[in-house]
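The structure under discussion appears below in the form of structure tokens.
Atoms within each ligand, like the ligands themselves, are counted from 1 in listed order.
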Amino acid sequence: MKLRASNIAKLKDQSFDVLIVGGGINGSVAAAALAARGVSVALIDKGDFAGFTSQQSSNLAWGGIKYMETWEYPLVRALCMSRNRLIRSYPSTVKEIRFFTSVQKGFRWHPWILWAGTWLYWLIGNGFTRVPFLRPVGAIQREEPVVRTDALSGGFEYSDSYLHDNDARFVFNFIRSALSRGCIAANYVAAEGSRREGTEWVTQLRDVRGGESFPVRSKVLVNAAGPFVDEVNARNGISTRHRHVFSKGIHLIVPRITDSKRVLTFFADDGRLFFAIPMGNRTCIGTTDNRVDTPYATVTEADRRFVLDNINKRLNLPKPLTEVDVISERCGVRPLVVEGAAGEKTDFLQLSRKHAVEVDAASQQISIFGGKLTDCINVGEEICDEVQRLGVTIPEPDFTWYGEAPDSVRDEFLHQARLMNLDAYTAPESSEPLSQRLWRRYGAQAIGLLENIREDSREAEVLIKGTEYIRCELRQAARREMVVTLDDFLRRRSKIALVERRETIRQSPGLMDACRILFGDEAQARHDEYFGTSG
Ligand SMILES: Cc1cc2nc3c(=O)[nH]c(=O)nc-3n(C[C@H](O)[C@H](O)[C@H](O)COP(=O)(O)OP(=O)(O)OC[C@H]3O[C@@H](n4cnc5c(N)ncnc54)[C@H](O)[C@@H]3O)c2cc1C
């Protein structure tokens, strides 16, 4: 909590070149890019970082193969290039994965045509990934016996990529990188309205946890409020050509349905692509795509039925999946950008998933509409360019702000890890060696964790039974990751709340120990707040 309190004090004290409202993927990359290039930047979010849409995605960094059907080739090309850049820049985090797709008899396209489409997709992506394969019914039967083949006409396999940890952790690492480079960021601080005063913006902020309100000054205001962009602009008197419409999507997380590391891909009853995505010893199934009017969406009985019915129809499971098998649920709205009245006229599912950056030069304000996690590096670059065009000096315009630490740092970490036999501490539940996991999550900071374990081997103990997070990670989270509520840690800094049932977490013997490390004297209060047992 110290980091947050000291950042809130700095927000009151200083005036900034840029204030960013919203700490989802769009705000986080903007902050990471600007801070790394030497701009004085502040970022606030009314909830936790990545606490809204950016924690509800399918965790894919993908070229958008399905947009080929709507002839959006420039978008597919741009997304493929973004995906390739992410795989190159984050080799331990963004990983190529195979999509094993089966096609029902009578589907609108024959598997051979779809297979030809995957070759075109592969070429559009500069042949960066492994080549596609055709998969006749016999091969599907042999390679993925869990897939029902009685009603199939065939299938194919191609590559895209996925975020190994989860979307929220990916976003937080941009926030962390921005903080390390001088950004003043705070979660649970809401922007309640901005007005121009001379050549500056004055934004009224409220500490949602503490209740205090105070103004912050900036030359430029960046609205990265995701599904709330229009609401924030309306409050600030900014009118824009673009606006958002919302599409709701849900995922269900269930016990692992196949040992294969591939994404099982189907066409659901509504004709849309539908995935069973590996998530360690769990599988994440989804998603849906339904127009809604508000950003606040919840999983309905009908959503749950749609996902379960579709997966049960397509798999040979010993027992069909039911609500009882659902470990956790994800639900969010995609903020889709439309220009003018376009959203009313166009077929909803045909709306483009691209992003738009709109600048109001007269009032020094930038709004970021739409977009995808996949496109995040481009968003960071574009915001730097626009901020510079608005007259803010960028001291180090050529600095590369994204990507993992250099290979030499990684090799030194892995060398030290080998010398101390770190992987012997790997938890039995873990799907990978401890050294790999620590490097992916913490990069260069992981070297400090080795130091902690060398000093006291109990620092390598798994604290919350059944998970893989060790004591020194919790200490690091308490110091560097601005964990305010237990949900921040369980759902976003880690993925414990996605892969374990709430009751299992509650019963875990190490949970109170973890709360003490994260919250000190407030441990019991934060525990009770999470489980709804306070007061
Ligand atoms: C079901 C689903 C599946 C998806 N799958 C993928 C995928 O596989 N791959 C992919 O690339 N993309 C995917 N996406 C799209 C992607 O998740 C979103 O485009 C992206 O997360 C949007 O990020 P954002 O930063 O614009 O919004 P958000 O993540 O919503 O961030 C906006 C933030 O602004 C904050 N905020 C709002 N108002 C205020 C205020 N007044 N003061 C302070 N803070 C404020 C909010 O609290 C929020 O945290 C998916 C989306 C959904 C819903």
Check step by step if side-chain contact (heavy atoms from CB on, under 4.5 Å) holds for H355 and V337.
CA-CA 7 Å; H355 72 265; V337 54; 5.9 Å; no

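For the pair S57 and ligand 1, the shortest N or O to N or O distance does not fall below 3.5 Å. For ligand 1, the polar-atom distance check against S54 finds a nitrogen or oxygen pair separated by under 3.5 Å. Between H251 and ligand 1, not a single N/O pair is under 3.5 Å apart.
The contact set between ligand 1 and N59, taken as ligand atoms under 4.0 Å from a residue heavy atom, comprises 8 (O). Numbered from 1 in the order shown, with element, the atoms of ligand 1 that lie under 4.0 Å from a heavy atom of R235 read 41 (N). Using a 4.0 Å cut-off to heavy atoms of Q56, the atoms of ligand 1 that qualify are 1 (C), 2 (C), 3 (C). Short contacts between ligand 1 and G332, defined as distances under 4.0 Å to a heavy atom of the residue, involve ligand atoms 53 (C). Counting atoms of ligand 1 from 1 in the listed order, those under 4.0 Å from a heavy atom of T374 are 9 (N), 10 (C), 11 (O). Applying the 4.0 Å criterion to heavy atoms of G371 picks out, from ligand 1, the atoms 19 (O). Interface of V333 with ligand 1, defined as ligand atoms under 4.0 Å from a residue heavy atom, comprises 53 (C). Interface atoms of ligand 1 facing P227, defined by a heavy-atom separation under 4.0 Å, are 30 (O).
Among the candidates F274, F107, W109, F275, the single residue satisfying the ring-ring contact (aromatic ring centres under 6.0 Å, His included) test with F267 is F107. Checking V171, D167, N166 one by one against R169, the side-chain contact (heavy atoms from CB on, under 4.5 Å) holds for a single residue, N166.
Contact annotation: the side chain of L264 approaches that of L315 to within less than 4.5 Å [non-hydrogen atoms, C-beta and beyond]. For the pair R440/E432, a side-chain contact is recorded, criterion being any heavy-atom separation below 4.5 Å from C-beta on.
Geometric assessment of R502 against the ring of Y530 yields a positive cation-pi assignment under the 6.0 Å and 45° thresholds. Both tests do not hold together for R4 against Y188: distance to the six-membered ring centre under 6.0 Å, angle to the ring axis within 45°. W201 carries R196 over the face of its six-membered ring, with the cationic atom under 6.0 Å from the centre and within 45° of the normal.
Summary of contacts: the protein heavy atom closest to atom 27 (O) of ligand 1 is G226 CA, 3.3 Å. Looking only at protein heavy atoms, the nearest one to atom 12 (N) of ligand 1 is L373 N, 3.4 Å. In terms of protein heavy-atom proximity, atom 31 (O) of ligand 1 is closest to G24 CA, 3.3 Å. Among all protein heavy atoms, the one lying closest to atom 9 (N) of ligand 1 is L60 O, 2.6 Å. Ranking the protein heavy atoms by distance from atom 44 (N) of ligand 1 puts K46 N, 3.0 Å first. Protein heavy atom closest to atom 28 (P) of ligand 1, with residue, atom name and distance, is T53 OG1, 3.6 Å. Nearest protein neighbour of atom 26 (O) of ligand 1, counting heavy atoms only, is N26 ND2, 3.0 Å. Atom 52 (C) of ligand 1 has R334 CG, 3.5 Å as its closest protein atom, hydrogens excluded (heavy atom only).
Residue contacts with ligand 1 for I368 are absent, since no atom lies close enough (heavy atoms, distance under 4.0 Å). Contacts of A50 with ligand 1, taken as heavy-atom pairs under 4.0 Å, are absent altogether.
Between Y90 and F174, the angle of the ring planes goes over 60°, which puts this pair in the perpendicular group of the 30/60° scheme. Under the 30°/60° scheme for interplanar angles, the aromatic rings of W115 and W119 are found to stand perpendicular.
Of the candidates I250, V21, D45, the one placing a heavy atom closest to atom 49 (O) of ligand 1 is D45.
Taking the six-membered ring where the residue is Trp, the centroids of F100 and F266 are separated by 6.0 Å or more.
Residues S58 and H251 bring a donor and an acceptor atom of their side chains to less than 3.5 Å of each other.
Looking at every heavy atom in both residues, N233 comes nearest to T240 through ND2-CG2, 3.7 Å.
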